[in-house]
Each structure stands twice: as structure tokens, then as C-alpha cells.
Amino acid sequence: MNKMRTLSAAVLGCFSSFGMAQSAADGSSVTMYGIVDVGIHHVTGAPGGSKTSLTSGNMQGSRLGFKGNEDLGGGYRAVFTLESRLEADTGALGNRPISQGRLPDRLSNAGLLGLPAALQPAVSAVAAQIGNSVGVNLGNNFFDRQVFTGLITPFGAFTFGRQYTPGYLANANFDAMKTESSLSLGQLVAIPASFDIRVSNSLQYGLQWNGFTATAMYAAGEVAGRSSAGRLWGAMAMYNGNGYSFGGGYNTRNNELGEKSLTTAVLGATLDVGPGTLSGQFSVIKDDHPTNLSGISAVLSANPATAPVAGLVQNAFIQGFRQDARLFQVGYRITSGVHAVTVAYNNMNDKRPFNADRASYGVAYTYALSKRTDLNAVLTHLNNKNTSQDMLGGNGFLGGVAAAPGKDVNSLALSIRHRF
């Protein structure tokens, strides 16, 4: 049986330029690559009842990319990556959640936000605006997944552009599912988002030495007259040994006013146990100044009917979108020949007054038809507690919001994935 001792696909993708430099020691190269992942997704607990649909990105988001390198001599190489999202079921570049533009009741109900019922029309208007902004690449940016260039040097890699953040790379590497499918840890923290997965306008330094991998990132918000607005800092370090690995990552980002916003810290480890690999991770999520909510008051003030309560409603949404949570996952994966089986348990402990705790568990099975093509089946149960209203999606799409607070959700996904 083969034990899983490699870095996750996301981390390897981040450092693909190192691999190209080693495999193309003479001259230069340009490679086209991609993933087409499509299948049937059945989910219970959705608004309006159970839903069955053909979906792209059940295990991994479908994509088309180009990567290249040029030997500059003396141990230096120029590299680039251009990677576009692709919805294999429609040909589009983005998608919306299963629940469309709906927010959880705790973020769209005046009473649950601590406001008088008479303010529900104003709350509904704001919630609709926020909800319609939730989705994957709604701006239809062509190279939404990654686009960067840089230099490989004898003392590390310097890359510039839109890239994966260090905190997310740590999360992905220690996730038992490597962020694949409804069983991944990230499915518990989609709305509001608790991880900055990618960031634009970033400078990243990366280093690989023996089993040690590390990155450090700075991303500019590029807001005129406010240099600290939207700014992100991050770092990640991991060690991959013989039969074990450990490490951590950290991101912190400012909101549009320059205030400290979403901060994520991750610690994780893996250990070969018996015929497979045991993995675990723990994350702390904190956000006291949620992003992109400071304009609510101005919008409501433009309407004479809602102007008197504009500040009150904005403060309620800021309070509602604040985050203080602890994430935990433990999982075990066995790979034997063409078969791979993973079981995992995920838990999110909400420290806020909403107490929107949730947990999921399930099993994933992969049958490899070849080195490039596999069949996948994933069964996941999600237990929403108290005001939690999470919904299960896939790696390439959000589930969104369940039919009601405390409503449990079941997900079954059957898919085929081809890599080229």
C-alpha cells in the first residue's frame, strides 16, 4: 500500500516552477495543463427541498492553464503561470451557490440581528445586495485562479501577481481531502468566508530546501489615498519528513478602511499510521472589522425612508459578520493500488453570540482508471446546530445556505475527473 507523503496539489502548484526548473534543466518550456471534473451532485436540506444537478468541480475545480520557464543561466530562471477557471457543465467562468443569493437567517433577519421587526425591509434590501455578491468568480475574470510571473534564483523564488495565500496553502496541505469535495474542512466556513484563498497584487517569496517549504507574502490593496486598505500579509512553513509532516500558516488582511480584518492561523500535521496516513489541523479565525460593509449606511441614507436608521442597520450587519471561530479536522486516508479511501471529521466552534456551531463527517472513494483519469464518490453529512445554516457544495462551487437554521444536510457526489 502507498502512503501519502507528498505536499498537496495547491502547494505543489505554488512551487511548480521549482519542478520545471529541475525537469527542464536545458533550455525553456511552455506547458498547457488542466482539469475537467464533472458529475452528479445530490443534496438534501436545500431551500425548496432536495436538489440533484450536474455540477463542475465536485472534487477539484475544472481549469485550463499554461505554465512556462526560461533558463537565464547561472541558476536563474524566469517562470510564469496563467490559470483560468472553467465550468465544465456550462462553459462559463463562474457560478453561484445552490441557494443563489440567500444569506443565513442570522444575517438577514432583523430580529436575529438585534433590530426591531419594523426595520426588516431595510435589512432585506441590504441582505439581498450582499447575497448577490456571493459566488465563485462572479466578475468572470479570465485568469481568476492564478496569474503570476517571477524569478527562480539560487536563494529562492520571487513571484508577482494573483496567487494562493500562505494561510490557505497550509490549510490545503493538512486537509485530509486536500480541499477536495464536500468533505473538506473549508466547506464549514463558506459564508462568511473564513479563508482568503487567493489574493491579487501580491509579492511572494518561496523557499524549498530538503523537506522544508516556506513562503512569505505581501499583497497591496491599491486603494488610492489609503495604503493600508485591503492589504494582506501572510507566511507559511512546513516540513515534510519520512512518514510525517508538520507546519502552519498565517494570513491577516485589512478591510477597506485599513482596519485589521480577517485573520487566519493554521497548525497541522500528518503521520503514517498502519496502512495509511493520519492527518489533523486546527485553525483560529478572527475578524472584528468585516470587509466591504462600511458603505451600507451611505446606501440607506440615500433613501429618506431608511436614512434615519442607516447607521443602526450598518452596525448590526458589522456585528453579525464578525468572526471568532475554531476549526478542527481529523482524517485518515488509505491508498492501495487503484483505490483510495478517505474518512474525515470536521468541526467549527463559533465563539460569537450566534453560536452557529456545525460539524461534518463522511467518506470519499476514488478509483483510478489511469494516471490521469479517476472516478469519485463522496458521501458527507453536515450537522447544523443552533443558528448555523451551512450548505454543502464542492471544491469548485459553494453550497450556500440550508433551508433553515439547524437544518441538517446530506450530500452525495459521483464524478469523473481527468487531468491533462
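- Judged by distance alone, the side chains of Ser279 and Thr270 never bring a donor and an acceptor atom under 3.5 Å apart.
- Under a 3.5 Å cut-off, the side chain of Ser370 and the backbone N or O of Thr373 do form a donor-acceptor pair.
- A search for side chain to side chain donor-acceptor pair (under 3.5 Å) contacts involving Ser294 returns Glu256, not counting sequence neighbours.
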Between Ile285 and Leu327, is a side-chain contact (heavy atoms from CB on, under 4.5 Å) present by the stated rule, with each step listed? CA-CA 8 Å; Ile285 310 297; Leu327 300 179; 4.1 Å; yes

Which is it for Asp196 and Leu232 under the side-chain contact (heavy atoms from CB on, under 4.5 Å) test, yes or no, and what are the steps along the way? CA-CA 9 Å; Asp196 284 308; Leu232 180 141; 3.9 Å; yes

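- Taking CE from Met238 and OG1 from Thr213, the interatomic distance works out to 5.5 Å, rounded to the nearest 0.5 Å.
- Between Gly399 and Met391, the shortest heavy-atom distance links the atoms O-CG, 3.4 Å.
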Are Asp390 and Leu382 close enough, and set up right, to give a side-chain contact (heavy atoms from CB on, under 4.5 Å), and what steps lead you there? CA-CA 8 Å; Asp390 198 33; Leu382 169 63; 3.7 Å; yes

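- A donor-acceptor contact shorter than 3.5 Å links the side chain of Asn384 to the backbone of Lys407.
- Checked for salt-bridge contact, Asp374 and Arg419 meet the test: a charged N lies under 4.0 Å from a carboxylate O.
- Remark: the Gln60 side chain and the Asp37 side chain contain no N/O donor-acceptor pair separated by less than 3.5 Å.
- Separating the CG atom in Leu278 from the OH atom in Tyr332 is a distance of 8.0 Å, to the nearest 0.5 Å.
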Test side-chain contact (heavy atoms from CB on, under 4.5 Å) on Thr263 and Tyr250 and set out the steps. CA-CA 8 Å; Thr263 299; Tyr250 177 84; 3.5 Å; yes

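- Checking Ser62 against Ser56 by side-chain atom types alone, a donor-acceptor pair falls below 3.5 Å.
- Checked by atom type, the side-chain pair Ser360/Asn346 shows a donor-acceptor distance below 3.5 Å.
- Arg358 places no side-chain N or O within 3.5 Å of a backbone atom of Gly406 that could act as its donor or acceptor partner.
- Each of Thr215, Asn251, Asn173, Thr165 was scored for a side-chain contact (heavy atoms from CB on, under 4.5 Å) with Met236, with one residue passing: Thr215.
- Checked by atom type and distance alone, the side chain of Thr264 pairs as donor or acceptor with a backbone atom of Ser194 at under 3.5 Å.
- Salt bridge status for Arg417 with Glu180: present, with a side-chain N to carboxylate O gap under 4.0 Å.
- Thr291 and Ser261 share a side-chain donor-acceptor pair at under 3.5 Å.
- Checked by atom type and distance alone, the side chain of Thr44 pairs as donor or acceptor with a backbone atom of Asn410 at under 3.5 Å.
- In this view, Phe317 satisfies the ring pair (Phe, Tyr, Trp, His ring centres under 6.0 Å) rule with no residue, not counting sequence neighbours.
- Nearest heavy-atom pair across Asn58 and Gly39 is ND2-N, 3.4 Å.
- Residue Ala157 comes nearest to Ile152 through the heavy atom pair CB-CD1, 3.6 Å, listed as atom of the first residue, atom of the second, then distance.
- Under the side-chain contact (heavy atoms from CB on, under 4.5 Å) criterion, Pro290 pairs with Asp287, Leu293, Ile318, Phe321, Arg322, not counting sequence neighbours.
- Ring centers of Tyr205 and Phe158: under 6.0 Å apart, within the cut-off.
- Within the 4.5 Å cutoff, no side-chain heavy atoms of Gln204 are placed close to those of Phe160.
- Of the possible polar contacts, one joining the Gln281 side chain to the Asn171 backbone as a donor-acceptor pair under 3.5 Å is found.
- Residue Asp324 holds its CG atom at 7.5 Å from CG of Asp288, rounded to the nearest 0.5 Å.
- A tilted orientation is assigned to the rings of Tyr361 and His381, their planes being inclined by 30° to 60°.
- A salt bridge does not link Lys385 with Asp350: none of the charged nitrogens is closer than 4.0 Å to a carboxylate oxygen.
- Both tests do not hold together for Lys67 against Phe80: distance to the six-membered ring centre under 6.0 Å, angle to the ring axis within 45°.
- Using a distance-only test at 3.5 Å, with no hydrogens or angles considered, no donor-acceptor pair links the side chain of Asp357 to the main chain of Asn349.
- The two residues Arg106 and Ser388 make their nearest non-hydrogen contact at NH1-CA, 3.9 Å.
- Between the side chains of Asn347 and Gln329, no donor-acceptor pair of N or O atoms lies under 3.5 Å.
- Rounding to the nearest 0.5 Å gives a distance of 8.5 Å between CG of Asn376 and OG of Ser181.
- For the residue pair Ser202 / Gln163, a side-chain donor-acceptor distance below 3.5 Å is found, with atom types taken as modelled.
- The closest donor-acceptor contact from the side chain of Asn109 to the backbone of Gly111 lies under 3.5 Å.
- Other residues, nucleotides and ligands contribute only 12 or fewer heavy atoms inside 6.0 Å of the CD atom of Gln129.
- Note on ring orientation: taking the six-membered ring where Trp is involved, the planes of Phe397 and His41 are perpendicular (angle over 60°, cut-offs 30° and 60°).
- Considering only residues two or more places apart in sequence or on other chains, Arg372 meets the side chain to side chain donor-acceptor pair (under 3.5 Å) condition with none of them.
- Residues that satisfy the side-chain contact (heavy atoms from CB on, under 4.5 Å) test with Leu138, not counting sequence neighbours, are Arg96.
- The backbone N or O of His289 sits less than 3.5 Å from a side-chain atom of Asn255, completing a donor-acceptor pair.
- Interatomic distance, CZ of Phe142 versus OG of Ser84, reported as 4.0 Å (0.5 Å rounding).
- Between Arg102 and Asp105 a salt bridge is recorded (basic side-chain N to carboxylate O distance below 4.0 Å).
- A search for ring pair (Phe, Tyr, Trp, His ring centres under 6.0 Å) contacts involving Tyr218 returns Trp233, not counting sequence neighbours.
- For the residue pair Tyr367 / His339, no side-chain donor-acceptor distance below 3.5 Å is found, with atom types taken as modelled.
- A distance-only check finds a donor-acceptor pair linking the side chain of Arg333 to the backbone of Ala176 [under 3.5 Å].
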